Structures are given as C-alpha cells and as structure tokens.
J.: 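Pasting in a structure now, in structure tokens, and then I'll have a few things to ask.
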There are 2 protein chains.
Amino acid sequence: MLQNENYNTDLIEPCNDECSFCFLNYTDVLGKNSLFRGLSKGEIGEIIRSVHHQSKAYSKGEVVANEGDNYDRLILIVKGAVVGEMMDFEGKVLRVEQRSAPETVAIAFIFGNNNRLPVTITAVEETRLLFIPRDDLVKLFSGNKIVLSNFLDNMADRAQFLSRHLRMLGLHSIRGKIAHYLLEQVKLQGSTDIRMPHTQAALSEMFGVARPSVARVLRDMNNASIIESRGKNIRIINTEELSTMLS
Amino acid sequence: MLQNENYNTDLIEPCNDECSFCFLNYTDVLGKNSLFRGLSKGEIGEIIRSVHHQSKAYSKGEVVANEGDNYDRLILIVKGAVVGEMMDFEGKVLRVEQRSAPETVAIAFIFGNNNRLPVTITAVEETRLLFIPRDDLVKLFSGNKIVLSNFLDNMADRAQFLSRHLRMLGLHSIRGKIAHYLLEQVKLQGSTDIRMPHTQAALSEMFGVARPSVARVLRDMNNASIIESRGKNIRIINTEELSTMLS
DNA sequence: TTCATTTTGTAACATATGATACATTTTGCT
DNA sequence: AGCAAAATGTATCATATGTTACAAAATGAA
C-alpha cells in the first residue's frame, strides 16, 4: 500500500505574513468555493492570512491520502481535480466521487469520533490543494457565523450525495444504474444528444460492476432502440423507457 | 403514499415555562444523547426550556416523515425506536438504519441547499420524539460551543456510517455482505455463538437483495461448515473463511 | 396450551452478471 | 500524419441472484 509520504500529520506551519503566493493566487478561486459564499475577497484573504495553512502540488496519479488515514483538516482544491475511491484487497474499486476546483474534499469526515478517511484520494490531473487544520477551522467558526453556516450546509450536501449514491447502489440493477446516469446527463447537458463524461471503466467503478457488463447493457439498450450509441456519444431515443427502469 | 399528517411543517410552538412534562421526563434520557455530552442535567434542562420544541408520540408502524419531505428540524428519540428506509415505486425497500432512544434521527440532513429527507422514517415500536426547529439549533450553537462541537461530531459520525454502508453495498456480493454482518455481530456480542438481531427479511432489505437468496447463502455456509445455523441462532465455525469473503 | 401469524427453508427455473480473452476503434501525444 | 496506449466491443461460459410458490418451523399473544 502506498505510504502517505505527502500527507503530513504534523501541525501545518502557516505561511509568513507576506505570503503573496496564497493571497494573490488563491483568493479568486477560493471566492468561488461555497464555504466562503457571502464573503468578500478581502475577508477571504484575511481568513487565509489568519489560519495555519499549507499549499501543496500533486501530479496526475499521485495519492493525496489513503483510505483509513486519520483525517483532521480541511482540503480546498485551488487547481485541478481529485477522485475519491474505496478499494478492497483484491483490487476492486468503488469510485465515490470526483471533485474539482474550487470545491472542498471529504468535508464530511473532518469531525467525529472516528474521523478516518473512508476513501483514497488521488489527483486525476495536475492539482494544487490548500490544507487548513481542524483546530483552525473551529476558531474560524467562532469568529465567523457565515463560514460556520456554509460549513454545515457543505456537510449536509455531502450527506445528501452519499444518500443518493447509496440509493442508486442498493435499489437498482446495472440497467437501472446506467439508465439513471444517462438521464442525469441529459439533464446536465440539456439535450437528448449527450456525450458521456466518463469512460465505461469509470462507470463500472462508480456502480460496482464489471466493465464488459456496462458495454453489454449499452448494446442491449441500442438493440432495443432505447438509445443510439457510438462510443461515448449517445442519443436518447426512448426517454420514458429509461425512466421506467428507475422505479 | 401516506400523507404526512403527523409532521407539522409550521413553526413549532414551545412548551410553556412550566413544561414539567419535558423537563421531568426527558432530561434523563437526553443526558445520554451524545449531542449533550459534557453538559449537566441543569444545563440540558435550561436548553430545552429555552428552545422551541414539540413532543409527539407514535405507535408501532406509524410514519414519522416521508422520503422527499423538507427536513429542517432536529429529532431526538426520547423513547422507542425508528427505522429509516429508501423505497422505489415497485415496493423494493433499502433499509438504511434503525435508531433508538437516546439517539438522534437523520441529523446529517438538517442543513444544506436541498435539505430533503432521503429516507422514510417509521416507528418500529411505541415511540416518543422531541422536535427542535433548525433556527433554534442555530441559536443554540451561537451560545453553546459544546453543543456545536457535539453536533459536528454527530454529523461526521453519520457520514462515516453512510460511507461504510456505501462500501458494503458497492464492493461486496451477497456472501460478502452476510459474512460482514456475521463478523460484526461476533464483535458486538463478544462470542462466536450469536443470535441475529435481524430477521432474514430485514437483512435482505439492508443489503438490497432477495429474502430467499439470504436463506440460500446461509444454507450454503452451513453446508460448507463455515457456520452452524438454526434459525436466528448461529455458531461461527470458520471465522477466517468469513474474513476472506470481505477482501 | 393453543393457535394465528410470522419467519424460515427450499425447489425449480429464469435472468442477470462476472470472468476471461481478444479484436477493433478511438484518442492523445509526438 | 503516425503510432502507442487506452477504450470499446463482443463472445463464451460460469456463477450469482431473482422470482415464485409453498411447506415447515418458530414466535408471540391470548
């Protein structure tokens, strides 16, 4: 198992008072992070300046943190994207979520009585993360009701996401999962002509199924004239039929 | 679908200043709720007295709230137990969790941008619940750092639970799920001679599988001399073999 | 103790999905 | 444009699981 050599568990030293790197480079993207919604750039800059924090770059494929690691800090994505995955010892992967700048990472697990990371976090492209330790978060909450409120909203949104994922995994067959995914993409892309943003391998990891089984279901939907697919490009022909697969 | 006739969405009127019913009857059980860990009974009584709240009784089988309902209050179980389940339109059920006094209910979903209940909550025995609206919670947090800290821990614990459930549903076959359950019961009951606290029907709903399939896997484990089962009474014979099913 | 209800056990068959292997097509980099 | 790597497509067979029905055993209430 990869050792956590990049994820320092020691207290993070703050940048110096003139840390122009963080202030100048990150307040723009942090301003778009829902944790700071309702705050001005000046206020965000003041927050970054006043808390311990660390900025670190990761290359594509590099592990940020491992499943089971102690998790007691806030991670903000200021550039790039990461994926969170659960794995068993036989190499099977359950891909939970990909998060991109300017979002947070695994915000729901910072507190609690057994706050260990339930997923392995890996950079999927050149990525830069900003770390803020939990104690500094708590202080921040004391002094800033807006950040606390935003934090509670963020945690709740993550719990909602986990519940939806739970529902999809526990109530649907492969066909139901794929139908759900396609309908969601139709909604997101605003058209019945969509291009899947995930490979079939990624879909199989999201749904906990075998990759050739995903291909087979897509082919069967083709043959049943429910969709018309060419690789990642898919035209939905029978939206209602897809919907009935979700019942 | 059952109408939500018992779950008033109007602002909850507080008990009067001499609400002996709540103070005398509930501070004992509330004192055992992790939300109030670190507080004295006097402090808890003062909290209950100062927030809007409502107490309501439910009979066995009565629906407390439906999946999809707006969810903007704290529910504390002062007596009895409830179950949270997801359902599709064909009657398939995914049982997420049963919660008992003195625990909270669905604490992770009170805040957020789309705070709808992801489960239907039903009383599984004679049950009494205490409701506190979200706005009063927010005020409580302002004045009490301990309750805020406990609340964040509670939310994080629920997120951990959802993640473990997600992992179990997404990475394991039926055999893996049952093996996991049996090993967990061994741990909880402190013996390899256990009595399943759930019926096979309940297990099938927890795992999202068919009830006769649960029976078949248990029989197969019997035949393979991994367990020795008589109804709900199970003796684990080959703990290592069960463990390998979780890899 | 009795009895109705609930739970468990099981069979038979159908369907779904996994596993493995490999060919073909697409994509991204140089 | 070319080429290597990644992704998709597909076949075949095995295994897992669902469905339906019904019998037997266990449980809880009277």
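All of these numbers come straight from a predicted model, not from anything done at the bench. Order of the sequence lines fixes the chain letters, A, B, ..., with proteins taken first and strands second; residue numbering starts at 1 for each chain. Basis for what follows: all heavy atoms, side chains included, without hydrogens, waters or symmetry-related copies.
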J.: State, yes or no, whether a side-chain contact exists between S55(B) and R128(B) at a heavy-atom distance under 4.5 Å.
T.: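 In contact.
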J.: Walking along DNA chain D from 5' to 3', note the first and the last nucleotide with an atom under 4.0 Å from a heavy atom of chain B, and give both.
T.: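 Nucleotide range in contact with chain B: dT17(D) to dT27(D).
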J.: Any ring-ring contact (aromatic ring centres under 6.0 Å, His included) pairs touching residues 189-237 of chain A, not counting sequence neighbours?
T.: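 For residues 189-237 of chain A, and leaving out neighbouring residues, the ring-ring contact (aromatic ring centres under 6.0 Å, His included) pairs sorted by first residue read Y181(A)-H198(A).
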J.: Quick one, give me the B/S/- string for nucleotides 3-11 of chain C, reading 5' to 3', where B means a protein heavy atom under 4.0 Å from the base and S means that only happens at the primed atoms, P, OP1 or OP2.
T.: ----SBBBS
J.: Side chains of L182(B) and M221(B): does their closest heavy-atom pair fall under 4.5 Å?
T.: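 Sidechains of M221(B) and L182(B): in contact.
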J.: Under 4.0 Å between a Lys/Arg side-chain N and an Asp/Glu carboxylate O for E67(B) and R116(B)?
T.: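 No, E67(B) and R116(B) are not salt-bridged.
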J.: Taking CD1 from I174(A) and C1' from dG18(C), how many angstroms apart are they, rounded to a whole number?
T.: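 Going from CD1 in I174(A) over to C1' in dG18(C) covers 9 Å.
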J.: Are R164(B) and F161(B) in a cation-pi contact, defined as NZ or CZ under 6.0 Å from the six-membered ring centre and within 45° of the axis?
T.: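 Geometry flag: not set, cation outside 6.0 Å or 45°.
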J.: Is V209(B) touching bases, backbone alone, or none of the nucleic acid, heavy atoms closer than 4.0 Å?
T.: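 Sugar-phosphate, no base atom in range.
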J.: Angle between the two end axes of the helix from dT1(C)-dA30(D) to dT30(C)-dA1(D), five base pairs per end, rounded to 10 degrees?
T.: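 Comparing the axis at each end, I get an angle of 60°.
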J.: What's the NZ-P distance between K92(A) and dG18(C), to the nearest Å?
T.: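 Rounded to whole Å, this separation is 7 Å.
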J.: Between L171(B) (CG) and dG18(C) (C1'), how many Å, whole number?
T.: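 Spelled out: CG on L171(B) to C1' on dG18(C) is 15 Å.
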J.: Which residues satisfy the side chain to side chain donor-acceptor pair (under 3.5 Å) test with N223(B), sequence neighbours excluded?
T.: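 Per chain and number, N223(B) pairs via side chain to side chain donor-acceptor pair (under 3.5 Å) with no residue.
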J.: When you measure from the side chain of R99(B) to the backbone N and O of T104(B), does any donor-acceptor pair fall under 3.5 Å?
T.: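 Such a contact is found between R99(B) side chain and T104(B) backbone.
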J.: Assess the side chains of S59(A) and E62(A): does a donor N or O sit below 3.5 Å from an acceptor N or O?
T.: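 Present: a donor and an acceptor within the cut-off.
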J.: Does the D157(A) side chain pair with the main chain of N113(B), one donor and one acceptor, at a distance under 3.5 Å?
T.: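 It does hold such a pair.
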J.: Listed by chain and number, what are the side chain to side chain donor-acceptor pair (under 3.5 Å) partners of E85(B), not counting sequence neighbours?
T.: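 Expected list: none.
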